[in-house]
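Here the structure is laid out as structure tokens; the discussion comes afterwards.
In listed order, ligands and their atoms are each counted from 1. For reference, positions follow the sequence shown, starting with 1.
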Amino acid sequence: MTVQQLSTTVIIIGAGPAGAGTSFFLTKYGIPHIVIEKETFPRDKVCGDACSGKTALVINRANPEWLAEILGDAQSFLPSWGITFVAPDGKSLDIPFTLARTQETPAPGFTVPRMVLDDFLFNKMPSPYCTIFQNATVSEIARVGDSVKVTMTHERAIYEVTASLIIGADGDKSMVRKQFSGLDTTPKTYAVGLRAYYEGVTGLSKDNFIELHFLPEMLPGYLWIFPLPNGMANVGVGILSEVVRKKKINLREQMLHAIKTNPQIAPRFANAKLNGKIQGWGLPLAMERQNLSGDNFILTGDAACLIDPFSGEGIGNALYSGMLAAMAIQHAVEQNDFSGAFLKSAYDDVVYKRLGDELRISAALQKLCKYQWLFNFVVKKARKSASLRNTISAMFSNIDLRDQLRRPSFYLKILFNR
Ligand SMILES: Cc1cc2nc3c(=O)[nH]c(=O)nc-3n(C[C@H](O)[C@H](O)[C@H](O)COP(=O)(O)OP(=O)(O)OC[C@H]3O[C@@H](n4cnc5c(N)ncnc54)[C@H](O)[C@@H]3O)c2cc1C
């Protein structure tokens with residue numbers, strides 16, 4: 001069989017949110033790229049299906065009309081106005097995402113099955129600068145001189161694709177990460193999750209608040225219940241790998257046990273029906289700064305281990321890192337410099353400048369979560385104090401305010417009601 005030769009500026013492996021985010025902005029900058037995806041869209045991805053304002057922000061920057069489409073289709077993209085935290089002692093706390101809600105303002109977050117979201121993003125990718133191969137199998141990735149070469153099979157033809165740069169947007173088990181980078185996860189920086197779709201869960205909030213239940217047996221992880229369109233709910237658990245190993249937790253049993261017996265949760269599932277299978281997947285967490293790029297490669301999204309260590313949010317960071325990767329690539333193309341040293345300052349430094357503070361705070365919060373009494377105490381105080389609830393609300397958009405959560409003085413102030 002003859003091998004077909006292709007040449008481009010950038011190869012993106014993976015067409016999930018990180019790959020799509022990179023592609024949208026490469027198209028904006030007029031940079032030719034080839035996207036190689038192993039699945040055929042629409043395809044599923046195990047996830048909680050909750051999207052924050054960061055997802056909306058990147059989509060809006062890519063094209064405001066796309067965000068308008070999302071906001072105008074509440075049947076598919078369910079607007080969410082806040083979050084309910086349930087402390088280990090079972091007491092709950094409702095925190096709106098915004099204190100400035102009006103008739104005109106769109107909801108800061110939304111939920112949407114990944115089958116729908118990722119297909120939406122995938123269908124926005126085609127452009128004169130973007131060539132997509134889906135259902136393709138990559139057999140080899142190699143650095144050849146100043147370039148990278150990817151060998152793949154697509155519709156029984158073999159291709160060798162050469163480019164100046166390769167983007168690892170290939171998720172949790174990234175081939176690009178394995179091949180080029182020393183970046184890796186450990187049981188302290190990796191969580192495992194399960195996702196199930198249920199129909200008929202009762203007691204969901206009318207404003208579609210997403211719910212995080214910090215059950216004592218799962219700390220620093222949690223069980224979530226996220227309302228979805230059409231009366232469905234995404235229900236799952238995410239627990240740190242280290243905890244799963246130490247406590248020898250059977251995730252599936254743990255989740256079903258909570259659904260059957262937890263006094264706050266079980267009555268709400270009395271008539272609920274599981275749709276499809278319970279499925280699992282890993283979450284590579286951003287616990288500390290790591291190298292995200294090197295000679296001729298950049299890692300984005302889960303391939304770069306950029307999931308928020310407290311909330312488990314990864315879709316927004318995948319899209320956002322894709323956008324930052326494209327910006328870095330634009331500079332690299334201008335300078336004709338695809339070296340690790342250049343990409344470190346054009347990409348890694350920018351990612352950590354923009355996301356570093358919030359990731360550091362989240363890593364600290366994740367560690368604090370194991371102190372059940374502290375969690376119970378803050379929720380108890382906030383249930384009684386509107387001003388504390390407002391402060392926590394404001395923390396969603398104000399990083400400096402959120403940073404207070406890392407400081408003992410914040411908890412002392414609550415204790416003495418100041
Ligand atoms: C249980 C669970 C719950 C979660 N809940 C949430 C949530 O509610 N909100 C949130 O924001 N985040 C959540 N996350 C995290 C979120 O799912 C990920 O952070 C997000 O999917 C990362 O996007 P990505 O594009 O980097 O990777 P992916 O979405 O995994 O996309 C990678 C793409 O690369 C393709 N690919 C992989 N290998 C190859 C290859 N060798 N060749 C070609 N293509 C390849 C895959 O088919 C896929 O299409 C959750 C994760 C889990 C596991």
Side-chain angles (χ1 to χ4, degrees), residues 11-23 34-56 58 80 83 109-115 117-119 121-122 125 132-141 150-154 166-179 190-196 210-212 221-226 228 234-239 241 251 255 278-286 299-309 311-322 325:
I11 299 167
I12 302 175
I13 308 287
T22 313
S23 171
I34 290 180
V35 180
I36 303 174
E37 164 61 50
K38 70 174 180 184
E39 304 285 339
T40 304
F41 279 71
R43 64 100 181 88
D44 189 19
K45 155 77 177 75
V46 175
C47 188
D49 300 337
C51 297
S52 70
K54 207 185 282 158
T55 298
V58 179
S80 171
I83 187 162
F110 57 86
T111 57
V112 52
R114 288 291 295 276
M115 190 76 132
L117 174 73
D118 290 21
D119 198 45
L121 298 173
F122 184 80
M125 271 201 293
I132 305 173
F133 290 89
Q134 50 175 334
N135 193 18
T137 306
V138 174
S139 53
E140 200 185 348
I141 302 175
V150 173
T151 311
M152 65 153 178
T153 312
H154 179 251
I166 187 165
I167 307 303
D170 46 348
D172 176 30
K173 302 267 176 278
S174 170
M175 227 180 153
V176 182
R177 186 209 303 159
K178 254 182 228 137
Q179 175 80 14
Y190 195 76
V192 279
L194 288 184
R195 177 213 64 189
I210 59 171
E211 300 174 30
L212 307 184
Y222 57 78
L223 179 146
W224 69 79
I225 303 173
F226 295 168
L228 281 175
N234 181 318
V235 180
V237 292
I239 308 185
S241 248
L251 233 55
M255 175 170 140
I278 300 177
Q279 287 184 283
W281 203 280
L283 296 95
L285 307 174
L299 302 175
T300 54
D302 280 12
C305 304
L306 282 178
I307 295 185
D308 185 287
S311 67
E313 182 195 348
I315 303 168
N317 285 350
L319 279 161
Y320 198 83
S321 58

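Atom 45 (C) of ligand 1 has Lys38 CG, 3.7 Å as its closest protein atom, hydrogens excluded (heavy atom only). Closest protein heavy atom to atom 9 (N) of ligand 1: Ala50 O, 2.8 Å. Nearest non-hydrogen protein atom to atom 29 (O) of ligand 1 is Arg114 NH2, 2.9 Å. Here the heavy atom of the protein found nearest to atom 42 (N) of ligand 1 is Ile13 CG2, 3.6 Å. Residue, atom and distance of the protein heavy atom nearest to atom 41 (N) of ligand 1 are Met175 SD, 3.5 Å. In terms of protein heavy-atom proximity, atom 25 (O) of ligand 1 is closest to Ala18 N, 2.9 Å. The protein atom (non-hydrogen) at minimum distance from atom 46 (C) of ligand 1 is Glu37 OE2, 3.5 Å.
At a heavy-atom cutoff of 4.0 Å, ligand 1 is contacted by the backbone of Ala169 but not by its side chain. At a heavy-atom distance under 4.0 Å, atoms from both the backbone and the side chain of Ile315 approach ligand 1. The side chain of Lys45, and not its backbone, has at least one atom closer than 4.0 Å to an atom of ligand 1 (non-hydrogen atoms only; side chain from C-beta on). Residue contacts with ligand 1, taken as heavy atom pairs separated by less than 4.0 Å, involve Asp49 solely via the backbone atoms N, CA, C and O. Counting heavy atoms closer than 4.0 Å to ligand 1, residue Asp302 contributes atoms from both its backbone and its side chain. Contact annotation for Asn234 and ligand 1: no heavy atom of the residue comes within less than 4.0 Å of the ligand. Residue-level proximity to ligand 1 for Glu313 is carried by backbone and side chain together, each with a heavy atom below 4.0 angstrom. At a heavy-atom cutoff of 4.0 Å, ligand 1 is contacted by no atom of Lys173, backbone or side chain.
When side chains are defined from C-beta on, Val150 does not count as touching Ile34, because their heavy atoms never get closer than 4.5 Å.
Qualifying ring pair (Phe, Tyr, Trp, His ring centres under 6.0 Å) partners for Tyr320, counting only residues two or more places apart in sequence or in other chains: none. Taking the ring pair (Phe, Tyr, Trp, His ring centres under 6.0 Å) definition, one finds that Phe133 meets it with His154, Tyr159, sequence neighbours left out.
For the residues Cys305, Ala318, Gly314, the heavy atom positioned nearest atom 10 (C) of ligand 1 is part of Gly314. The option from Leu299, Asn135, Leu283 that lies nearest to atom 52 (C) of ligand 1, judged by heavy atoms, is Leu283. Comparing heavy-atom distances from atom 13 (C) of ligand 1 across Gly48, Gly312, Gly322 singles out Gly312 as nearest.
By the 4.0 Å N-to-carboxylate-O rule, Asp308 lies too far from Lys54 to be salt-bridged with it.
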